[in-house]
Amino acid sequence: MRKKKKNSSPESDSAVTRIRSCWKIFNPGKTAKMRITCKKCLGPMLLIGLTLLTLFYAWSPGTSSVVDVRPRQGNQLQKLLDETNQGIISGHHNDIAYHIKEDVASRLALNTCVCLADKDTLHLPFSNLLFSRAWAHNVSQAFLESHPDPEAAKSRRAQEYNSFQRRSYSPADELIIAEASSPLQYPTQGVKVRPLKTIIIPGLGLKEETRSNHVVYLTATLGTFDVAATVDRVDVKGEGAKHMTLSSPVLSALNRQLQFVTYTNTVFHPKTADTVRFATEAHQSFFSIKIGHATIPKLYNSGTQKEYNISALVTIATKTFLRYDKLKDLIDSIRQYYPTVTIVIADDNKQPQPVTGPHIEHYIMPFGKGWFAGRNLAVSQVTTKYVLWADDDFIFTANTKLERMVDILERTTLDLVGGAVREVTGYTATYRHTISVEEGGEQGDCLHIRNGYHHVIEGFPNCVVADAVINFFMGRTNKVLQVGFDPRLSRRGHLEFFIDGLGSLHIGSCSDIIVSHASKIQVPWSKTESQKAYEKFRYSLSSAETNISDEIFYFKNRFKCMTSH
Ligand SMILES: *[C@@H]1O[C@H](CO)[C@@H](O)[C@H](O)[C@H]1NC(C)=O
Ligand SMILES: *[C@@H]1O[C@H](CO)[C@@H](O)[C@H](O)[C@H]1NC(C)=O
Ligand SMILES: *[C@@H]1O[C@H](CO)[C@@H](O)[C@H](O)[C@H]1NC(C)=O
């Protein structure tokens, strides 16, 4: 179990290597005695970390309420604790009995997620329609079965994932545990240095009984220490080096000197952290200094008005294909309310027709480049702070108040806010979803999509926070560009954008900002030729198209399976 955990969790693995290599670095030629002291201190720390990690990975997840696996978990936990505790953490009360709280234990995440469809427990006629049950899809199976060389695909994904983890790893994310009753005072978080620059390390101190000589050691790996000022009766050794020793017969003088200790980053790496060891003969502590450039802001100068100037703040982006009549209706409806807002149109028709007018930018793309490619192109041309996405068959009405969307984006930390789409039938949809990802080990993670939202937004009673919203939304342009739209999704695609954005976009949804949808439900004989051609293209999902979303989920997002409403 522990071995499996190590394999599937490179982070915990590297935690081990980090501590190992760190203690190699600060003990290159020291005596055996020093090594033992160090090992003694590190041992419990490492083991507490390992135990916690092992426990985290040992419990089964509480996925769908279908299978009760709790008794098995209890046994697993017992076994694990017995295994892990065997003669390791001496003096840590390991012989005292405990009682597992299964309802809590079963909620802990473990690397073995599964995707289970909801069972039809009611067996009533139409219960399918009344209660939306989650379906499950085996992404691995769907992708690998149609793949000519599944083993190669598997190992390529594993390789790519490993290098992704190496790139995104930061020593600052590592678990560090502070020892009990340490006399050392140090900053636990918030120390930052820009690459190759120098800072004063704040908060260093020593509190111990008076003795003939007080000594502290500082060790770093990516930088050097020095002092910005000297204090009488303090002896400093190793200035300008990775290992510095400060000693003094007077404790207050040593503490004064510690206020002037500097750290200089010497190894250039624009996004990492240095784990510093701060120690006395008998105690040691670790803290990390984050190394990196500050994020360069991207600010938009949208002028100064008392009221929101939509033309200065927002660009409307859309994509058209075979629906110039609809597009014209959309533009006309926008102009009634926002005569000078810029409209960016991405167009991948075979025979593009001119779309002209003031404040219109019409971009012609190669034929059939598709849905997400068009979204990407349109959004990439936006120069305003916000971009509003609208489909080409939407119609603006008096309820389409873009000011309200701007207002919530200006006054909250949201990056994107969705509105509502009113169908011809009068039905209004907000299409709110929550998305969660569970850890699934080597085979990939589990993706769960559900209808619903997280919470109502204070001060905005019609707005909630969700993970995915309808295809009528306003977002901060730079954040939408950061996530991007995967251009391989050519005919269909919507939630894929929000899955890519999970973890970087803070998303809201307001039911009172409404756009109308030009009729979708129409009797076939009243359809125009271009409508029929469009529907043929858009709604006939070819097998290649299905395979692409399996590939995106399996390979790009590294899922093994999914459940959804
Ligand atoms: C999904 O398919 C794979 C084979 O590709 C299989 O090993 C796995 O057990 C399946 N998972 C589920 C939940 O059916
Ligand atoms: C609103 O912004 C547009 C575009 O920047 C500008 O032309 C217009 O004068 C502004 N309107 C007002 C009332 O400031
Ligand atoms: C898509 O997958 C199916 C099996 O699920 C396979 O028969 C078909 O050849 C695949 N299509 C492409 C274009 O890869």
Side-chain angles (χ1 to χ4, degrees), residues 4 7-8 60-69 72 109-119 133-158 161 299-317 331 334-344 357-361 381-388 401-407 409-410 436-449 474 476-477 546-547 549-564:
K4 185 160 172 267
N7 287 344
S8 50
S60 274
T63 27
S64 155
S65 55
V66 181
V67 180
D68 184 2
V69 283
R72 192 170 50 92
L110 165 70
N111 240 349
T112 58
C113 69
V114 285
C115 297
L116 297 171
D118 286 348
K119 276 194 187 131
R133 287 186 290 123
W135 46 265
H137 175 56
N138 190 334
V139 174
S140 314
Q141 193 173 30
F143 175 72
L144 294 173
E145 271 185 2
S146 66
H147 199 279
D149 190 353
E151 286 309 313
K154 265 191 206 170
S155 74
R156 217 169 33 248
R157 187 182 77 163
Y161 182 58
L299 310 179
Y300 291 83
N301 183 358
S302 312
T304 42
Q305 288 92 28
K306 270 208 206 86
E307 282 171 2
Y308 297 129
N309 180 348
I310 295 301
S311 301
L313 284 163
V314 181
T315 301
I316 298 176
I331 295 171
I334 293 172
R335 288 294 172 237
Q336 273 185 43
Y337 303 96
Y338 302 104
T340 58
V341 71
T342 302
I343 304 173
V344 173
H359 312 290
I360 285 182
E361 292 177 21
Q381 299 308 307
V382 171
T383 57
T384 51
K385 185 174 184 180
Y386 300 114
V387 57
L388 178 90
K401 286 259 175 282
L402 302 188
E403 291 80 356
R404 295 251 270 280
M405 283 175 158
V406 170
D407 189 45
L409 290 171
E410 288 282 315
S436 63
V437 175
E438 266 186 298
E439 287 158 304
E442 275 165 48
Q443 285 160 14
D445 292 339
C446 300
L447 169 70
H448 302 292
I449 301 170
M474 187 182 289
R476 296 180 195 281
T477 306
T546 325
N547 298 5
S549 65
D550 281 331
E551 165 162 18
I552 284 174
F553 283 157
Y554 177 81
F555 208 104
K556 186 180 94 174
N557 297 138
R558 198 177 164 273
F559 295 129
K560 65 175 174 189
C561 61
M562 66 182 292
T563 66
S564 177

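Remember, it's 1-based here, ligands and their atoms both numbered in the order they're listed. Index from 1, following the sequence. For the numbers below, each heavy atom of this structure counts, side chains included, while hydrogens, waters and symmetry mates do not.
Sulfur-to-sulfur, Cys446 and Cys115 sit at least 2.5 Å apart at their SG atoms.
Heavy-atom minimum distance, Met474 versus Val406: SD-CG2, 3.7 Å.
Contact residues of ligand 1 (protein heavy atom closer than 4.0 angstrom to a ligand atom; sorted by chain and number): Asn138, Gln141.
For the pair Phe559/Val437, a side-chain contact is recorded, criterion being any heavy-atom separation below 4.5 Å from C-beta on.
The environment of NZ in Lys560 is crowded: more than 12 heavy-atom neighbours from other residues, nucleotides or ligands sit within 6.0 Å.
No hydrogens or angles considered: nothing links the side chains of Thr342 and Thr315 as a donor-acceptor pair under 3.5 Å.
Taking distance alone, with nitrogen or oxygen atoms compared against 3.5 Å, Asn309 approaches ligand 2 more closely than that limit.
Between His147 and Phe143, the two ring planes are tilted [angle within 30° to 60°].
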